[in-house]
Amino acid sequence: MAPHGGLPAKCSLCHKAAPGYDRLPERWWLFVPVWGVATSFRYAPRRVECPQDGVVEEEIPWSQGKRPVTVAMMGFLSRWARRLSWRETARAFDTSWECVYRSVDWYVQWGLAHRKLEGVKSIGVDDLHWGQSKGANSFLTVIYQIDTHCRRLLWVGKKRTQATLRRGLAALGSEVVGGLRFVCSDMWRPYLNVIAAKASQALHVLDRFHITMHLNQAVDQVRRAESTRLRGHPMAERLKKMRWKLLRKGSRVRGRAKHKLCGLLYAKLGTGRAWMLKETFQDFWRYRSLFWAKAFLDVWTTRALRSRLEPMQKVARMLRSHEKLILNWFKAKGEISNAAVEGLNNKIRVVTRRSYGFRTYDAMEIALYHTLGKLPEPDEFTHTFC
Ligand SMILES: [Zn+2]
């Protein structure tokens with residue numbers, strides 16, 4: 001490529017035309033493949049003598065700083081990297097993983113700088129396990145927008161401490177946090193503290209999905225303890241291969257599985273009682289009136305506390321101590337979509353599983369914003385080439 005004879009070069013700092021100074025050595029930029037043929041731009045950038053900024057490199061509209069890839073190619077690779085894994089994208093377009101990474105990174109940074117955070121009324125806060133180990137570093141804290149009109153990932157950070165969430169809320173800005181009406185989360189103590197301190201005007205709701213999860217975990221603990229206790233006993237047969245059947249919603253268990261489940265209940269095993277408790281709790285969410293919902297919660301927790309099943313008692317105590325926040329669910333009914341956090345979590349898992357290719361935490365973070373952040377994209381790259 002050669003500079004246009006009639007157009008003066010522009011200063012890359014102030015974008016004003018400036019007299020030429022000299023030329024730098026030729027550089028190469030990777031461009032979008034044309035008809036499947038790898039294409040590059042070759043150009044020797046000029047330097048200009050700007051009256052304001054001194055001698056600087058000219059502005060090149062299709063280039064970003066020192067990157068050896070054109071802006072158009074970065075956009076092209078980024079869009080493909082949402083459909084394919086980064087490694088596949090690199091292979092398909094005959095470039096390197098690093099090149100894809102840097103392109104997506106540029107794209108995401110642009111999107112984060114230009115996204116609009118007005119109108120965020122409800123957020124969901126959650127922690128996710130990531131990676132192989134059990135250490136504090138293999139947890140993520142995520143903040144989602146869960147308004148009915150827009151669900152997206154707003155922020156992601158390492159660990160799940162008070163400091164993490166404070167960092168996340170600070171990143172959203174005090175204007176966004178001050179305008180929140182609903183915050184949805186689990187009963188995770190560090191989060192409860194920070195939300196109470198930072199977003200006190202918002203109604204804090206304990207998520208239905210998390211409570212169901214705690215109940216399911218309790219049923220599973222009862223089952224495991226019981227099958228260990230009954231080892232060798234004929235009753236133990238009834239508990240075999242029951243794990244997933246017990247964790248499903250009762251109405252969705254059919255056929256032979258249902259028959260087996262009934263047998264379990266008939267046998268008066270602890271697991272059966274735990275399962276019944278879990279199932280009856282589903283009725284709680286159907287209440288319309290706060291008063292009756294509270295009455296139900298009292299009755300249910302009393303039953304659970306008398307059940308002599310330690311994991312169920314634990315859940316009951318937990319529900320009692322967070323009663324106010326759980327009942328807030330009825331005040332927020334219809335305003336927030338209750339499956340939003342769960343749905344976004346599942347999508348995150350898909351990305352992190354694909355993350356075998358992500359060599360660093362930073363790369364994975366970029367990929368999460370890229371796929372779930374609903375970030376704005378730079379306009380189509382139409383430029384008059386020099
Ligand atoms: Zn200038």
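In each ligand, atom 1 is the first atom listed, and ligand 1 is the first ligand listed. Quick note: residue numbers are just sequence positions, from 1.
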Verdict with supporting geometry, Ser63 and Trp29, side-chain hydrogen bond (donor to acceptor under 3.5 Å, both in side chains): CA-CA 8 Å; Ser63 169; Trp29 284 264; 3.0 Å; yes
- request: May I ask you to list the protein N, O or S atoms found at less than 2.8 Å from the Zn ion (ligand 1)?
  value: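 Less than 2.8 Å away from the Zn ion (ligand 1) sit Cys11 SG, Cys14 SG, Cys50 SG, Asp53 OD2.
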- request: Any salt bridge (Lys or Arg N to Asp or Glu O under 4.0 Å) involving residues 310-332? Give me the pairs, sequence neighbours left out, ordered by first then second residue.
  value: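 Output for this query lists Lys294-Glu323, Glu310-Arg317.
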task: Sort and list the pairs that fulfil salt bridge (Lys or Arg N to Asp or Glu O under 4.0 Å) and have at least one residue in residues 152-168, not counting sequence neighbours.
output: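 For residues 152-168: Asp127-Arg160.
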task: Mind checking the CD1-CH2 spacing from Ile60 to Trp62? Nearest 0.5 Å is all I need.
output: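 Between atom CD1 of Ile60 and atom CH2 of Trp62 there are 5.0 Å.
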field: Residue Glu175 excluded, over 12 heavy atoms near CD under 6.0 Å
entry: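 At most 12 heavy atoms, drawn from other residues, nucleotides or ligands, come within 6.0 Å of this atom.
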Please list, one pair per line, the donor and acceptor atoms closer than 3.5 Å that link side chains of residues 116-123 to other protein atoms, with sequence neighbours excluded.
residue	atom	partner	partner atom	Å
Ser122	OG	Asp147	OD1	2.6

